[in-house]
Amino acid sequence: MTITSTPPHNFRKDINGLRAIAVLGVLLFHLFAYLKYQRIVPDVDLFSGGYVGVDIFFVISGFLMTAIIVRRMESGKFSVWEFWKRRASRICPALLAAVFLVMLVCYFIQIPYIYKETSREALRGLLFISNFWFARDEGYFTTSVLDKALLHTWSLSVEWQFYLLYPLLLVLWGKVFSLRTLPHFVTVMCAVSLTLSFIFSQSDSAYFMLHVRAWELLLGGIIFLLPPLKLSSAPARVLELAALTIIFLNIMLAKPMQGWDTLSVLPAVAATAFILWLNIERSCLSNVMFQFTGRISYSMYLIHWPVIVISAKLNLIQHFIPITAFIVTYAALSYRFIETRRHWHWSILLLYFSLIAFSQYESGQKGRTIFNQSLPDDSYHSLFFGARGIPAEGKISTGPLAGQHEMIVAGDSYARQYANYLNKEIPYIAIFCDGQMHFNRLYAAANQQIEKLSTKFYFKNLAQVLHSDSSSRLLIAHNWFSHINTEQFTSAPGVSPSKRLELVCRSLLDLADAYPQRQIFVVGQTVNFTYILSDCPLLKAHPHTVIRGMFSWLECPQTKQADYSNVDWVNQKLSATCKERSNLHFIDPNSAICNEDGECKVTIGKQLTFSDGGHLSLNGAEVVGSYILQQIAAIDPSFDYQDKDKDQAPKL
């Protein structure tokens with residue numbers, strides 16, 4: 001029984017042209033996002049909707065897959081297993097080559113624990129499950145993704161999951177009901193998925209998931225199953241131009257309202273479906289450039305994101321013209337020598353699973369850093385963090401220097417990071433407990449275990465020290481923004497972050513009132529960086545002479561634009577609160593390393609300032625710690641502090 005009337009083997013140049021638009025949209029969206037973030041181009045909404053290129057790919061894929069499945073079902077020759085084999089031979093070889101190249105390059109340029117994360121991304125990408133893992137992170141439109149070299153494999157995972165389920169559902173429906181009812185079944189599935197998309201699309205995880213993306217693929221299937229739209233050439237071309245205009249405007253101007261939302265992609269998706277339905281033989285997209293770009297679009301998509309990520313990490317993103325040229329050249333070669341060869345032997349399967357095994361067990365090149373070892377997870381942070389070796393269980397401890405205690409230092413890891421520096425400078429008492437903030441009006445903790453430590457030790461010990469030592473100054477530092485956003489382990493669940501910050505400020509005022517003779521210093525929220533900036537400087541200090549020489553030409557950034565979105569409003573509120581009491585003082589740690597434009601030092605004296613996205617390294621803690629002590633000395637004349645390294649942190 002035949003339910004389609006489209007010729008079975010006509011090559012459609014309009015589809016190839018749509019592929020070109022899709023991949024160029026995604027490429028320009030990603031490239032301009034980095035260029036704007038690095039302040040290489042103005043921060044204008046140019047190509048801000050380029051992410052819809054993936055949605056265009058989904059519609060095209062759904063159209064073509066429905067065509068393959070339904071036509072062979074009509075002839076009685078459809079095999080699910082054969083369909084899966086053909087899809088694998090189309091997708092896997094080019095994916096294998098791109099992932100292998102990325103892992104090879106990253107093996108030499110990434111520090112081991114970052115490389116281990118890249119290996120995990122490779123494993124999940126090759127198994128087509130990466131969308132589930134990326135969905136657990138902060139979201140596609142956050143700057144936290146800038147470290148993920150294989151983030152883009154999420155879309156291949158969605159497509160492959162669709163390929164696994166879709167033919168099974170169509171075959172099952174065809175056996176239970178007639179093929180004639182297949183369009184109704186596909187339409188119902190599309191409507192269900194579209195409804196789910198509207199319900200869940202505001203969730204960060206929804207962007208990566210099949211259940212809210214399937215409607216785009218199924219819409220392509222519906223277009224194939226519809227009777228062809230028979231229009232004469234002139235009106236058809238006018239309608240095609242109108243649809244292309246909608247797509248271009250969507251790519252150029254659209255922005256998701258909050259993360260990814262269905263409405264932001266609907267114009268481009270609908271316009272793409274309409275062009276597929278028009279089926280114009282002499283399409284506006286038939287020119288040579290669109291056809292060439294469309295042919296290499298898959299390989300271009302595979303390689304563009306890791307090239308951009310690696311270029312940015314090596315401070316090369318400003319050379320975007322040669323970067324784009326490399327992406328196009330690689331894609332053309334991959335298409336010519338990999339994609340056009342469809343009859344792969346079992347050897348490719350062996351290579352595929354060999355790379356999967358390698359990605360699971362390889363954790364990076366030994367000797368990659370100044371330490372002659374392959375570093376385990378988070379080891380860069382643990383080795384270079386300013387609080388390295390300092391306990392953090394909420395107990396009372398003292399610095400190694402003898403004499404009267406100059407200060408009580410209390411807080412989480414954002415206070416503890418100054419401990420090694422303070423150990424060399426002043427006698428002090430410390431109460432550190434990471435991952436928590438505990439005041440009389442509000443407490444917050446990262447998990448239940450920390451909540452117990454905070455309640456049992458930190459809060460009680462701090463009260464004990466304040467009561468017994470009446471002369472010492474008090475220095476408090478926290479990751480304020482993180483704690484006021486804690487929902488689960490907090491004394492104020494269901495309360496907005498601004499209300500929680502208000503509770504913190506009132507607690508600080510209570511503290512100042514309870515100890516009116518004590519000078520209390522509140523260290524504000526430190527800036528955050530969106531991704532770790534260690535690759536470039538560590539490459540230049542590589543222990544292997546050959547590799548160090550290969551990258552000696554790199555110009556590593558000394559400053560970077562920091563993420564102030566979580567900083568300014570918190571620090572402004574803390575600063576305003578401190579002005580309400582004469583013994584309460586606010587110190588902005590960012591003043592030691594950042595200028596008024598928000599450019600902050602990421603390296604000082606060829607050493608990194610931060611050990612991760614927010615914590616200071618030993619080097620950074622020394623610079624900022626010195627600044628804090630200078631500020632205390634300026635406020636409190638009884639604190640006799642002489643800066644030993646005044647030239648350590650020159651002005652930007």
Side-chain angles (χ1 to χ4, degrees), residues 382 385-400 405-423 426-470 472-493 495 500-501 503-515 518-526 570 574 577 584 587 589 614-616 621 625 628:
S382 62
F385 180 33
R388 185 180 71 188
I390 305 297
E393 292 84 19
K395 298 179 181 179
I396 302 170
S397 61
T398 58
H405 297 132
E406 296 279 359
M407 201 174 301
I408 301 165
V409 184
D412 58 8
S413 57
Y414 281 65
R416 189 167 64 95
Q417 64 189 358
Y418 302 111
N420 280 303
Y421 169 70
L422 294 176
N423 284 346
I426 60 172
Y428 70 100
I429 300 173
I431 305 110
F432 301 130
C433 185
D434 289 0
Q436 62 78 44
M437 178 176 65
H438 205 138
F439 292 100
N440 62 319
R441 294 178 183 266
L442 177 75
Y443 74 78
N447 55 52
Q448 192 171 18
Q449 181 181 1
I450 291 176
E451 183 181 27
K452 290 179 180 178
L453 283 173
S454 176
T455 304
K456 185 177 180 180
F457 295 109
Y458 175 82
F459 189 64
K460 292 181 179 178
N461 286 337
L462 178 57
Q464 176 186 328
V465 170
L466 289 173
H467 181 72
S468 61
D469 189 331
S470 59
S472 295
R473 303 158 193 85
L474 173 62
L475 180 72
I476 302 176
H478 280 288
N479 186 0
W480 306 98
F481 180 82
S482 175
H483 298 314
I484 62 175
N485 279 275
T486 297
E487 289 292 342
Q488 190 172 1
F489 301 100
T490 177
S491 59
V495 176
R500 291 198 189 105
L501 183 57
L503 291 173
V504 170
C505 291
R506 289 168 62 188
S507 298
L508 291 172
L509 293 174
D510 292 343
L511 193 61
D513 292 338
Y515 301 96
R518 188 189 302 276
Q519 298 300 313
I520 301 172
F521 300 90
V522 178
V523 179
Q525 178 74 43
T526 54
V570 173
L574 291 172
T577 299
L584 198 57
I587 298 176
H615 290 95
L616 294 167
I628 290 172

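Because the structure is predicted, anything quoted here is derived from the model rather than measured. Sequence positions, counted from 1, serve as the residue numbers for this chain.
- Of the possible donor and acceptor atoms, one in the side chain of Arg518 sits under 3.5 Å from a partner among the backbone N and O of Asp469.
- Among all heavy-atom pairs drawn from Leu474 and Ala410, the shortest one is CD1-CB, 4.4 Å.
- With contacts defined as side-chain heavy-atom distances shorter than 4.5 Å, the pair Val409/Phe432 qualifies.
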Requested in this report: Output, in order, the C-alpha distance, side-chain angles, deciding distance and verdict of side-chain contact (heavy atoms from CB on, under 4.5 Å) for Ile476 and Phe439.
Outcome: CA-CA 11 Å; Ile476 302 176; Phe439 292 100; 4.3 Å; yes

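- Aromatic ring pairs are classed by plane angle as parallel below 30°, tilted from 30° to 60° and perpendicular above 60°; the pair Tyr414 and His615 is tilted.
- Here the side chains of Phe521 and Arg473 are in contact, with some heavy-atom distance below 4.5 Å.
- Counting all heavy atoms, side chain and backbone alike, Tyr458 lies closest to Gly411 at OH-N, 3.2 Å.
- Between Leu508 and Ile520 there is no side-chain heavy-atom pair separated by less than 4.5 Å.
- Side-chain atoms of Gln417 do not come within 3.5 Å of backbone N or O of Ala621 as any donor-acceptor pair.
- Residues Ile450 and Asp434 are not in side-chain contact: their nearest non-hydrogen atoms beyond the backbone lie 4.5 Å or more apart.
- Counting heavy atoms of neighbouring residues, nucleotides and ligands inside a 6.0 Å radius, atom CD of Gln449 does not exceed 12 of them.
- Going from atom OG1 of Thr486 over to atom CZ of Phe481 covers 10.0 Å, rounded to the nearest 0.5 Å.
- Residues Asn423 and Tyr428 are in side-chain contact: their nearest non-hydrogen atoms beyond the backbone lie under 4.5 Å apart.
- Closest approach of Arg388 and Asn420 over heavy atoms only: O-ND2, 3.0 Å.
- Side-chain contact check for Met437 versus Leu442: some heavy-atom pair is nearer than 4.5 Å.
- Taking NE2 of His405 as the reference point, atom CD1 of Ile426 lies at 10.0 Å (rounded to 0.5 Å).
- Contact annotation: the side chain of Leu501 approaches that of Leu574 to within less than 4.5 Å [non-hydrogen atoms, C-beta and beyond].
- Taking the side chain as every heavy atom from C-beta outward, Tyr418 and Val523 approach each other to under 4.5 Å.
- The minimum heavy-atom distance between Ile431 and Gly394, with the atom names listed, is CG2-O, 3.5 Å.
- Within the model, atoms CD1 of Ile396 and OG of Ser468 stand 7.0 Å from one another, a figure rounded to the nearest 0.5 Å.
- Remark: Cys505 SG to Leu584 CG distance equals 9.0 Å, nearest 0.5 Å.
- Nearest heavy atoms, Ala477 versus Ala415: O-CB, 3.5 Å.
- With Asn479 contributing its side chain and Ser413 its backbone, the two residues share no donor-acceptor pair below 3.5 Å.
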Applying side-chain contact (heavy atoms from CB on, under 4.5 Å) to Val522 and Trp480, what does each step give before you reach the verdict? CA-CA 11 Å; Val522 178; Trp480 306 98; 3.7 Å; yes

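- Distance check, rounded to the nearest 0.5 Å: OG of Ser491 to CG of Leu503 gives 7.0 Å.
- With Ser472 contributing its side chain and Ile408 its backbone, the two residues share no donor-acceptor pair below 3.5 Å.
- Atoms CZ and CZ, from Phe385 and Arg416 in turn, are 5.0 Å apart once rounded to the nearest 0.5 Å.
- In this structure a side-chain-to-backbone donor-acceptor pair under 3.5 Å is present from Thr490 to Tyr443.
- Of the residues His438, His483, Gln436, the one that meets the side-chain hydrogen bond (donor to acceptor under 3.5 Å, both in side chains) test with Asp412 is His483.
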